Q: 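First the structure, which I've put down as structure tokens, then a few questions once you've had a look.
Worth knowing before you read on, the calculation uses all heavy atoms, side chains too, and leaves out hydrogens, waters and symmetry mates. So that the names make sense, note that chain A is the first sequence line, chain B the second, and so on, each numbered from 1. Just so you know, these numbers come straight off a predicted model, no measurement behind them.
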Protein chains: 2
Amino acid sequence: MLKEQQFFTMLKSRGLRLTRPRRLILEHLSDGGTHACAESIYEALKRGNSTLGRATVFRALKLFAQLGIADETQPTTVRRRFEVAVGKPHHDHMTCLGCGAVVEFSNCAIERLQETEAKRRGFRITGHCLEVRGYCRRCLKLGRGRGH
Amino acid sequence: MLKEQQFFTMLKSRGLRLTRPRRLILEHLSDGGTHACAESIYEALKRGNSTLGRATVFRALKLFAQLGIADETQPTTVRRRFEVAVGKPHHDHMTCLGCGAVVEFSNCAIERLQETEAKRRGFRITGHCLEVRGYCRRCLKLGRGRGH
DNA sequence: TTGAGTGCAAACGTTTTGCATTGTG
DNA sequence: CACAATGCAAAACGTTTGCACTCAA
């Protein structure tokens, strides 16, 4: 669990400040347990803190993600993308957070393991999406994605 | 590859019609190769077909997905969700298309295989998201999710 | 000829941005 | 006291919807 002192240090080293909203939002994200969205955090905190703005929550979450304190549960869908589902070999994606490049890959063993997990739960799979996030070779060479 | 006659039959059996925009959009999705979004399809087709409307593309893509002709490449994110990334056990999701239920699971072997694929490509993983879509035990019992 | 499908524009819900104000370090 | 961060309102963005018109069967 992240201590407030650690948080303060992380911010300070980048010339950033530990403010009341940031403290509250991080606290809520930690305690709330499961995957929270900006709106639910906003609503929860707004009750006890009537001046909080939505934009602040969005800005804080983005910051936390950049600092590696928080992660997005699902990959960010900017625009919905579709592909023909008939007779096409499946593939997954590695998305580079540095340059946006998308590396495609496929691995049958992963698919088989998914199938195993699904069977165990009586779940019938019709499709899946695996998105790996991180930094590509080129960005790592350029020094991006070092501190995580 | 889906033949036009097949497409026509699929539509007709549901009282739907094979229209010029639908034919063009499906064609583009097939030929275009990679994951297309509504906007890119719209722009591409707009050039040769000046009366096409954006809404038509969105409606067609939704229809194709319902018919099983097309699949969404990424899971649909309504609101971005975040979780604390420090000292929390990772888990993935199985989402039921019948009732919306989310089944959580985790499998280290899958994670290791991802790592292997990443290493092979010089990619450094900072996170990932795996969403399996299909039908849960309960919905299957109720007869949902039978047709392919 | 009928009603499914379209194009347009306006509405929607989530996220971002501009800017004057606040408050941390 | 400087300037990072905020709250607000307006803009931006992808998507959906209402409606009169069109066109496939």
Q: Start with the C-alpha distance between A:Glu115 and A:Arg112, add both sets of side-chain angles, then the distance that settles salt bridge (Lys or Arg N to Asp or Glu O under 4.0 Å), and finish with yes or no.
A: CA-CA 5 Å; A:Glu115 207 48 75; A:Arg112 275 197 300 274; over 6 Å; no
Q: Whole-Å distance between C:dG3 P and B:Leu11 CG?
A: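 So the two atoms are 19 Å apart, to the nearest Å.
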Q: Both B:Thr51 and B:Arg17 contact DNA chain C. Taking the nearest nucleotide for each, which residue is further toward the 5' end?
A: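 Here B:Arg17 is the residue nearer the 5' end.
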Q: Using whole Å, what does the distance between atom P of nucleotide D:dT15 and atom CD1 of B:Ile41 come to?
A: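 So the CD1-P distance, B:Ile41 to D:dT15, works out to 11 Å.
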Q: Which sits closer to the 5' end of DNA chain D, B:Ala38 or B:Lys12, going by the nucleotide each is nearest to?
A: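 Nearer the 5' end of the strand: B:Ala38.
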Q: Rounded to whole angstrom units, what separation is found between the CG atom of A:Leu24 and the P atom of C:dT24?
A: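 Value for this atom pair: 12 Å.
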Q: Count the heavy atoms of every other residue, nucleotide or ligand shown that sit under 6.0 Å from CZ of B:Arg23, and state whether that count exceeds 12.
A: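 Result for CZ/B:Arg23: enclosed.
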Q: Classify B:Tyr42 by what it touches in the nucleic acid, base, sugar-phosphate, or nothing, heavy-atom distance under 4.0 Å.
A: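 Here B:Tyr42 touches no strand at all.
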Q: Whole angstroms only, please: what is the CZ-P distance between A:Arg23 and C:dG25?
A: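 My rounded result for the distance is 9 Å.
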Q: State which of C:dG25, C:dG7, C:dC8 makes the closest approach to the side chain of B:Lys46.
A: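 Among the listed nucleotides, the one closest to the side chain of B:Lys46 is C:dC8.
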Q: Between the base of C:dG7 and the side chain of B:Arg59, is there any donor-acceptor pair under 3.5 Å?
A: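 It does, because a donor-acceptor pair links the side chain of B:Arg59 to the base of C:dG7 below 3.5 Å.
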Q: When you match A:Leu63 and B:Leu16 each to their closest nucleotide on DNA chain D, which lands nearer the 5' end?
A: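 Nearer the 5' end of the strand: A:Leu63.
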Q: Check the distance between D:dA25's P and B:Arg22's CZ and give it to me in whole angstrom.
A: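 Answer to the nearest Å: 10 Å.
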Q: Would you mind telling me which of C:dT6, C:dT16, C:dT24 lies closest to the side-chain atoms of A:Thr19?
A: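 For A:Thr19, the side-chain atoms sit closest to C:dT24.
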Q: Rounded to whole Å, please give me the gap between CZ in A:Phe58 and C1' in D:dA12.
A: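 Atom-to-atom, A:Phe58 to D:dA12, this comes out as 13 Å.
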Q: Closest approach to the side chain of B:Ala55, judged atom by atom: which nucleotide of D:dT15, D:dT17, C:dG7 is it?
A: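 Selected nucleotide: D:dT17.
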Q: Scan B:Arg79 against the nucleic acid and name what it touches under 4.0 Å (heavy atoms): base, sugar-phosphate only, or nothing.
A: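 Since only primed, P, OP1 and OP2 atoms lie under 4.0 Å of B:Arg79, the category is sugar-phosphate.
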Q: Find the distance B:Glu39:CD to D:dC13:P and express it as a whole number of Å.
A: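 Atom CD in B:Glu39 sits about 11 Å away from atom P in D:dC13.
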Q: Taking atom P of C:dT16 as reference, at what distance in whole Å does atom CD of A:Gln66 sit?
A: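 Whole-Å distance recorded here is 11 Å.
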Q: Report the C-alpha distance between B:Ile69 and B:Met10 in whole Å, list the side-chain angles of each, state the deciding distance to 0.1 Å, and finish with yes or no for side-chain contact (heavy atoms from CB on, under 4.5 Å).
A: CA-CA 10 Å; B:Ile69 294 171; B:Met10 290 181 81; 4.0 Å; yes
Q: Counting only side-chain N and O atoms of A:Lys62, is one of them less than 4.0 Å from OP1 or OP2 of C:dT16?
A: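 Result: yes.
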Q: Counting side-chain heavy atoms from C-beta on, which of D:dG7, C:dT15, C:dG25 comes nearest to A:Leu52?
A: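 Among D:dG7, C:dT15, C:dG25, the one nearest the side chain of A:Leu52 is D:dG7.
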Q: When you look at NZ of A:Lys46, are more than 12 heavy atoms from neighbouring residues, nucleotides or ligands closer to it than 6.0 Å?
A: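 Check passes, neighbour count above 12.
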Q: Count the heavy atoms of every other residue, nucleotide or ligand shown that sit under 6.0 Å from CZ of B:Arg121, and state whether that count exceeds 12.
A: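 Enclosed.
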